[in-house]
Colleague: 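Starting off with a structure, shown below.
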Number of protein chains: 2
Amino acid sequence: MPFTQRSEETRNAILAAARRRFADDGYERATIRAIAADAGIDPSMVMRYYGSKEGLFAAAVDVVLGLPDLRGLPAGRRGEVLVRHFLTLWEGDRASGVLTVLLRSAVTNEAAAERMRTIFATQVGAVIGPAADDGPTRAALIASQLLGVALCRYVLRLPEIAALDADALVASVAPTVQHYLGDPLDSAG
Amino acid sequence: MPFTQRSEETRNAILAAARRRFADDGYERATIRAIAADAGIDPSMVMRYYGSKEGLFAAAVDVVLGLPDLRGLPAGRRGEVLVRHFLTLWEGDRASGVLTVLLRSAVTNEAAAERMRTIFATQVGAVIGPAADDGPTRAALIASQLLGVALCRYVLRLPEIAALDADALVASVAPTVQHYLGDPLDSAG
DNA sequence: AGTGTAGGCCAACGGGTGTTGGCAATAACT
DNA sequence: AGTTATTGCCAACACCCGTTGGCCTACACT
């Protein structure tokens with residue numbers, strides 16, 4: 001029952017194929033049969049190692065964002081650092097596809113949505129700073145802008161957003177995040 | 001073949017049920033059988049009136065945003081007006097569900113994504129103003145923020161965003177849109 | 001070298017899907 | 001009133017899904 005090292009290669013192949021399929025097709029259209037075919041093994045192997053399609057999904061999106069600690073930075077540059085880190089994360093995600101999996105699936109699958117909520121509640125909320133009582137609201141506003149960028153750039157592929165190079169996108173979006181980080185929330189920034 | 005008024009009630013019931021199902025479950029999990037059951041008719045009627053599941057979907061999301069003309073407004077208030085209109089649109093959408101349908105499906109369905117792209121290219125792009133050559137980029141940045149809000153508030157239901165009342169949300173997001181509308185794109189607004 | 005256990009495949013089950021053709025009833029038109 | 005065409009339902013087709021159990025194979029351990 002506790003799987004040995006002998007099958008590790010197979011299990012990793014399943015995970016990699018699952019991430020690609022989930023990312024490309026979303027939870028519902030990604031089939032275990034197709035994932036197994038990509039991994040070059042039998043569909044029943046997926047069941048043996050991950051129990052069910054949901055179990056496979058949970059294993060495929062087991063991830064941490066690894067957000068930077070903003071407290072050491074000059075206040076004026078935190079927005080830029082946060083946006084750049086977020087974009088770098090997504091650019092690097094093209095190989096594994098974990099983040100795309102999460103966002104795509106969270107839209108149709110309630111379990112994935114719950115996972116995304118807790119990720120942002122814990123990780124983003126913690127980085128923003130536990131100080132002010134409107135911290136959670138600020139974190140959520142930042143999430144709305146960053147997720148909106150990810151949605152338009154990596155999922156919907158809106159040409160104008162997808163075509164921008166990372167530097168220009170950081171320069172455009174950083175002031176917004178900077179505003180959500182510190183300015184009074186109803187000011188005309 | 002050209003359907004008469006006699007079946008109009010049925011066709012409308014199908015459309016209403018389809019919008020709810022597509023909005024709640026997304027394109028893939030929404031089944032014609034369930035939609036037909038909600039509408040109180042036989043699944044084959046859906047095929048007769050809309051040809052296929054894709055045809056039904058196309059009919060269900062046939063919509064225009066009806067965005068306001070910003071040119072007559074004082075420059076400083078355009079962001080607020082745009083955000084408020086967008087939010088009002090989504091709040092009113094709870095009944096029909098067209099916008100939720102579109103966003104939810106665009107994430108997993110390529111045809112829906114294309115439809116969303118053209119909607120924003122034509123309608124939002126036109127409102128922003130055909131003047132500057134970076135107009136499309138500005139429109140796309142606005143789309144990223146507004147779609148991000150819709151995603152977090154109406155689809156993912158991030159508590160901090162979903163709990164805000166409309167006025168507070170407008171006050172928080174309007175400066176961002178205002179910035180994308182007019183300020184130099186790399187300024188720390 | 002013999003034995004147990006994990007790896008892997010095959011075949012199948014039960015259920016749900018979009019879609020189709022035919023048949024009864026009912027409304028509309030001449 | 002008689003004919004026609006539209007409405008609606010029923011039953012079925014063909015396909016694909018997630019999942020299961022049984023059967024060889026080959027490694028690992030004593």
Side-chain angles (χ1 to χ4, degrees), chain A residues 1-61 101 104-105 107-112, chain B residues 1-61 101 104-105 107-112:
Chain A
M1 208 68 113
F3 310 114
T4 72
Q5 272 189 326
R6 181 147 58 109
S7 60
E8 195 184 354
E9 193 180 3
T10 298
R11 297 203 307 278
N12 287 343
I14 293 176
L15 273 188
R19 286 199 256 259
R20 266 236 289 277
R21 283 286 178 176
F22 280 136
D24 287 351
D25 303 336
Y27 182 86
E28 336 285 344
R29 284 196 351 204
T31 70
I32 288 191
R33 285 173 151 91
I35 292 169
D38 288 358
I41 46 92
D42 190 87
S44 62
M45 294 280 93
V46 178
M47 306 303 298
R48 196 199 290 275
Y49 291 132
Y50 298 100
S52 68
K53 188 179 183 180
E54 280 204 23
L56 173 63
F57 178 80
V61 300
V101 168
R104 257 217 165 101
S105 306
V107 171
T108 50
N109 188 277
E110 179 52 29
Chain B
M1 210 62 123
F3 310 114
T4 72
Q5 272 189 328
R6 180 151 55 112
S7 60
E8 195 184 354
E9 194 181 3
T10 299
R11 297 202 309 277
N12 287 343
I14 294 176
L15 273 187
R19 286 198 256 260
R20 267 236 291 276
R21 282 286 177 177
F22 281 136
D24 287 350
D25 303 337
Y27 182 85
E28 337 285 345
R29 285 196 350 204
T31 71
I32 288 191
R33 286 172 151 91
I35 292 169
D38 289 358
I41 47 91
D42 190 86
S44 62
M45 303 308 295
V46 178
M47 306 303 298
R48 196 198 287 277
Y49 291 131
Y50 298 101
S52 66
K53 187 179 182 180
E54 279 204 23
L56 173 62
F57 177 80
V61 300
V101 168
R104 253 212 170 106
S105 305
V107 172
T108 51
N109 188 275
E110 178 53 28

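In what follows, chains are A, B, ... by sequence order, proteins preceding strands, each numbered from 1.
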Colleague: What's the verdict on side chain to side chain contact (heavy atoms under 4.5 Å, CB included) for A:F3 and A:R11, showing C-alpha distance, side-chain angles and the deciding distance?
Modeller: CA-CA 10 Å; A:F3 310 114; A:R11 297 203 307 278; 3.4 Å; yes
Colleague: So which pairs with a foot in residues 33-49 of chain A pass side chain to side chain donor-acceptor pair (under 3.5 Å), sequence neighbours left out?
Modeller: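 Found A:R21-A:D38, A:D42-A:S44.
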Colleague: Roughly how far, to the nearest 0.5 Å, is the CG atom of B:L56 from the CD1 atom of B:I32?
Modeller: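 B:I32 CD1 to B:L56 CG: 6.5 Å, rounded to 0.5 Å.
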Colleague: So for the helix from C:dA1-D:dT30 to C:dC23-D:dG8, with five pairs setting each end axis, what is the inter-axis angle to 10°?
Modeller: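 Inter-axis angle at the termini of the helix from C:dA1-D:dT30 to C:dC23-D:dG8: 10°.
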Colleague: Spell out, as yes or no, whether a donor-acceptor pair under 3.5 Å connects the side chain of B:K53 to the backbone of B:Y27.
Modeller: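 Checking the backbone N and O of B:Y27 against the side chain of B:K53, a donor-acceptor pair under 3.5 Å is found.
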Colleague: Rounded to the Å, how far apart are A:I35 CD1 and D:dC16 P?
Modeller: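 Distance, rounded to whole Å: 17 Å.
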Colleague: I need the CE-C1' distance between B:M45 and D:dT7, as an integer number of Å.
Modeller: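 That distance rounds to 5 Å.
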Colleague: To the nearest 0.5 angstrom, please state how far the CZ atom of B:R29 sits from the CG atom of B:D24.
Modeller: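 The CZ atom of B:R29 sits 9.5 Å away from the CG atom of B:D24.
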Colleague: Output, in order, the C-alpha distance, side-chain angles, deciding distance and verdict of side chain to side chain contact (heavy atoms under 4.5 Å, CB included) for B:V46 and B:I41.
Modeller: CA-CA 9 Å; B:V46 178; B:I41 47 91; 4.2 Å; yes
Colleague: Scan side-chain atoms only and decide if A:E28 and A:T108 contain a donor-acceptor pair under the 3.5 Å cut-off.
Modeller: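 Side chains of A:E28 and A:T108: pair found under 3.5 Å.
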Colleague: Using a 3.5 Å distance criterion without hydrogens, assess whether the side chain of A:Y50 forms a donor-acceptor pair with backbone atoms of A:L15.
Modeller: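 Side chain of A:Y50 to backbone of A:L15: no pair is present.
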Colleague: Whole angstroms only, please: what is the CD1-P distance between A:I41 and C:dC9?
Modeller: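 These atoms are roughly 7 Å apart.
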Colleague: For residues 18-26 of chain B, which residues have at least one heavy atom under 4.0 Å from DNA chain C?
Modeller: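 Output list: empty, so none.
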Colleague: Would you check if the side chain of A:R19 reaches a backbone N or O of A:V61 as a donor-acceptor pair within less than 3.5 Å?
Modeller: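 Looks like no, no N/O pair under 3.5 Å.
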Colleague: A:S7 side chain N/O closer than 4.0 Å to the phosphate oxygens (OP1, OP2) of C:dA6?
Modeller: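 A:S7 to C:dA6 OP1/OP2: no side-chain N or O under 4.0 Å.
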Colleague: Once rounded to the nearest 0.5 Å, what's the spacing between atom CZ of A:F22 and atom OG of A:S105?
Modeller: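 A:F22 atom CZ to A:S105 atom OG measures 6.5 Å (nearest 0.5 Å).
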Colleague: Between protein and nucleic acid, restricted to nucleotides 23-29 of chain D and to nitrogen or oxygen atoms under 3.5 Å apart, what atom pairs and distances do you find?
Modeller:
none

Colleague: Return a single string for nucleotides 13-20 of chain C, one symbol per nucleotide in 5' to 3' order, where B is base contact, S is sugar-phosphate-only contact and - is none, cutoff 4.0 angstrom on heavy atoms.
Modeller: ----BBBB
Colleague: Test of understanding: with salt bridge (Lys or Arg N to Asp or Glu O under 4.0 Å), list the residues that count as partners of A:E110, not counting sequence neighbours.
Modeller: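 Partners of A:E110 under the salt bridge (Lys or Arg N to Asp or Glu O under 4.0 Å) test: A:R117.
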Colleague: Categorize B:Y49 for me: base, sugar-phosphate, or nothing, with a 4.0 angstrom heavy-atom threshold over every strand shown.
Modeller: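 Here B:Y49 touches the backbone only, sparing every base.
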Colleague: Please report, rounded to the nearest Å, how far the P atom of D:dG8 is from the CD atom of B:E9.
Modeller: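 To the nearest whole Å, that distance equals 9 Å.
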Colleague: Has A:S7 got a side-chain atom pairing as donor or acceptor with A:T10's backbone, closer than 3.5 angstrom?
Modeller: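 It does not hold such a pair.
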